[in-house]
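Report on one structure; see the data block that follows.
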Amino acid sequence: MKTIEPCVLVIFGASGNLSRHKLIPALFRLEVARRLPEKMTILGCSLELWSKDEWITEVSNMLESKFSDGVDEQAFERFRARLHYHPNPPGDGDAYLKLRNVLAENPDFSPNIVFYMAVRPSEFPAIIDRLGVMGLLKQQNGWCRVVIEKPFGYDLLSAQTLQKSLYRHLNEPQIYRIDHYLGKGTVQNVIVFRFANILLEPLWNNHYIDHVQITHSETLGIDRRADYYEGAGALRDMIQSHLMQLLALVAMEPPVTLSAEHLRDEKVKVLKAIRPITQNSVHAHAFRGQYTSGTINGKPVQGYLDEPGVAPDSITETYAALKLFIDNWRWAGVPFYLRTGKRMAENSSAICIRFKKPPQDLLRHTHRESPHPNWIMLGIQPNDSLKMEIQVKVPGLDLTTRTISLDATYHKGSEEDYDAYEGLLLDVMQGDHSLFLRIDEVEWAWRAVDPIIKVWAMERDFINGYQAGSWGPRGTYRLFDSDDQFWRHSLDPEGADLQAY
Ligand code: BG6
């Protein structure tokens, strides 16, 4: 465990969704685990004209609504001593000057600073610029790091423009482009699973793998985030960032070491090898949809167009599915299917890898149904899991086969389960970039999806609907390369055939 120097974490957007649901709870869990450095302070910055006490009450409310089992009182006493607040109301031209004075004069604040941009992406450049003009990004007496939330830009060009604006005041080692998916335990386990075990390496290529599916489905809708989501959509919100990162981890070559640069070099090679989708081939490679009203967990829910803040003629996609090919020696010809959706049947994120069928079906007279190929599945959420499906003989006098699942779920009940942000916040404080994105990764991921974004932006007349609570729009099957490929909705063997659409 590395020691962490004292620092002040300044959260812009402290009263917003991200801070409320992810950052403050993650910091509190680090407090409970006694992993925050002793002299670390948290300075909330937001539009509200709150006093420090009002901010502490607000934080206490955030924690109470997050931890329904109760908030550890002793930990909260320690936590509240770290909390400070700085109002940053619109139109206050002196807010940044005041911030500089507060940071310089209050002896509680360490000269090491992390600025966390938990605000709308359109606000990143202006905030960085003001901090830069005030000299707050210079590393004179201590270090200064800036965490930028996704999406980094809304296409390749805007990502490059944003990057230029950051480089006016920051150098690369100061920038932490966060993709919270990389903080998830099972996502990191992809690296361990692949590179700490030799067993699978000979099979991990186009000779044995038929295709790979990467899914993130949610039952939640857009949850009052229309102002952001209307301009983003599922492709930018989940696929360009989180799911492309999963694809890179599954497909990359073993890095020389696990250092940040070596790891990111290998991920970039995969992203560079993605076969470009031309505008003419967008329909063969991508499918989008938008949820209509339906039922989730037995309760009726409204359609996307009825969500507050959504334009009545919006064609923003809440579901997106892609087929990508990685044109390199290992993966030539293997389709990677990526899909994500809001208001889907279940909350589930998983990587499912389907192997090819044996070259000769010696047991063809013994199957009750069509033969099942092998699958390896890494469940990311709701449960970390690792499953492998194989064929066995059914006990009895006849030679018949069935599928069983070897469940190598490795999470023990007593082991502490953290959300992604805890580890990533510690990494920033420790100066470890391994799980953060380098600018070339972001650019190559945009290059892969830009043609789709362009075509979808032009086709404004129609978008496929899907009922809330279903597995997405009918018609996405057309992305599959062969008749025996289908979306895998469940990680259980009996669910393997739920192919619907
Ligand atoms: C965020 C997206 O990055 O990831 C959200 O903006 C999405 O739309 C979320 O709901 C999913 O992450 P998690 O960790 O809640 O599964």
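Atoms within a ligand are numbered from 1 in the order they appear, just like the ligands themselves.
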Can you tell me which residue and heavy atom of the protein come closest to atom 6 (O) of ligand 1, and the distance to 0.1 Å? D237 OD1, 2.6 Å

Any nitrogen or oxygen of R225, side chain or backbone, less than 3.5 Å from one on ligand 1? yes

Taking S158 for the side chain and G153 for the main chain, is one N or O donor matched with an acceptor at less than 3.5 Å? no

Step by step, would you call Q485 with Y337 a side chain to side chain donor-acceptor pair (under 3.5 Å)? CA-CA 10 Å; Q485 294 177 346; Y337 300 107; 2.5 Å; yes

State whether the shortest distance between N or O atoms of K150 and N or O atoms of ligand 1 falls below 3.5 angstrom. yes

Output every pair passing salt bridge (Lys or Arg N to Asp or Glu O under 4.0 Å) with a member in residues 310-326, not counting sequence neighbours, ordered by first then second residue. K323-D481

In terms of residue, atom name and distance, what is the protein heavy atom nearest to atom 14 (O) of ligand 1? K184 NZ, 2.5 Å

Could you tell me whether D179 and K150 have a side-chain N and a carboxylate O separated by less than 4.0 Å? no

Counting heavy atoms not belonging to R224, are there more than 12 under 6.0 Å from its CZ? no

Identify whether the distance between the nearest side-chain nitrogen and carboxylate oxygen of R20 and E58 falls below 4.0 Å. yes

For H216, the atoms of ligand 1 under 4.0 Å from one of its heavy atoms are 11 (C), 16 (O)

Side chain, backbone, both or neither: which part of K22 comes within less than 4.0 Å of ligand 1 when only heavy atoms are counted? side chain

With a cut-off of 4.0 Å, which atoms of ligand 1 are near a heavy atom of K342? 5 (C), 7 (C), 8 (O), 10 (O)

Name the atoms and distances for all side-chain donor-acceptor pairs under 3.5 Å in residues 265-277, with sequence neighbours left out.
{"residue": "D265", "atom": "OD1", "partner": "R438", "partner atom": "NH1", "Å": "2.9"}
{"residue": "D265", "atom": "OD1", "partner": "R438", "partner atom": "NH2", "Å": "2.9"}
{"residue": "E266", "atom": "OE1", "partner": "K269", "partner atom": "NZ", "Å": "3.4"}
{"residue": "E266", "atom": "OE2", "partner": "K269", "partner atom": "NZ", "Å": "3.2"}
{"residue": "K267", "atom": "NZ", "partner": "Q245", "partner atom": "OE1", "Å": "2.7"}
{"residue": "K267", "atom": "NZ", "partner": "E441", "partner atom": "OE1", "Å": "2.9"}
{"residue": "R275", "atom": "NE", "partner": "D327", "partner atom": "OD1", "Å": "3.4"}
{"residue": "R275", "atom": "NE", "partner": "D327", "partner atom": "OD2", "Å": "3.0"}
{"residue": "R275", "atom": "NH2", "partner": "D327", "partner atom": "OD1", "Å": "3.1"}

Quick one, E149 with R177, criterion salt bridge (Lys or Arg N to Asp or Glu O under 4.0 Å). Give me CA distance, side-chain angles, the key distance, then yes/no. CA-CA 6 Å; E149 267 288 339; R177 296 175 201 85; over 6 Å; no

The protein heavy atom nearest to atom 16 (O) of ligand 1 is Q381 NE2, 2.6 Å

Is there a polar contact between ligand 1 and Y181, counting only N or O atoms under 3.5 Å apart? no

Closest non-hydrogen protein atom to atom 7 (C) of ligand 1, residue and atom name please, with distance? E218 OE2, 3.3 Å

Atom 4 (O) of ligand 1 [closest protein heavy-atom partner, distance rounded to 0.1 Å]: H180 CE1, 3.3 Å

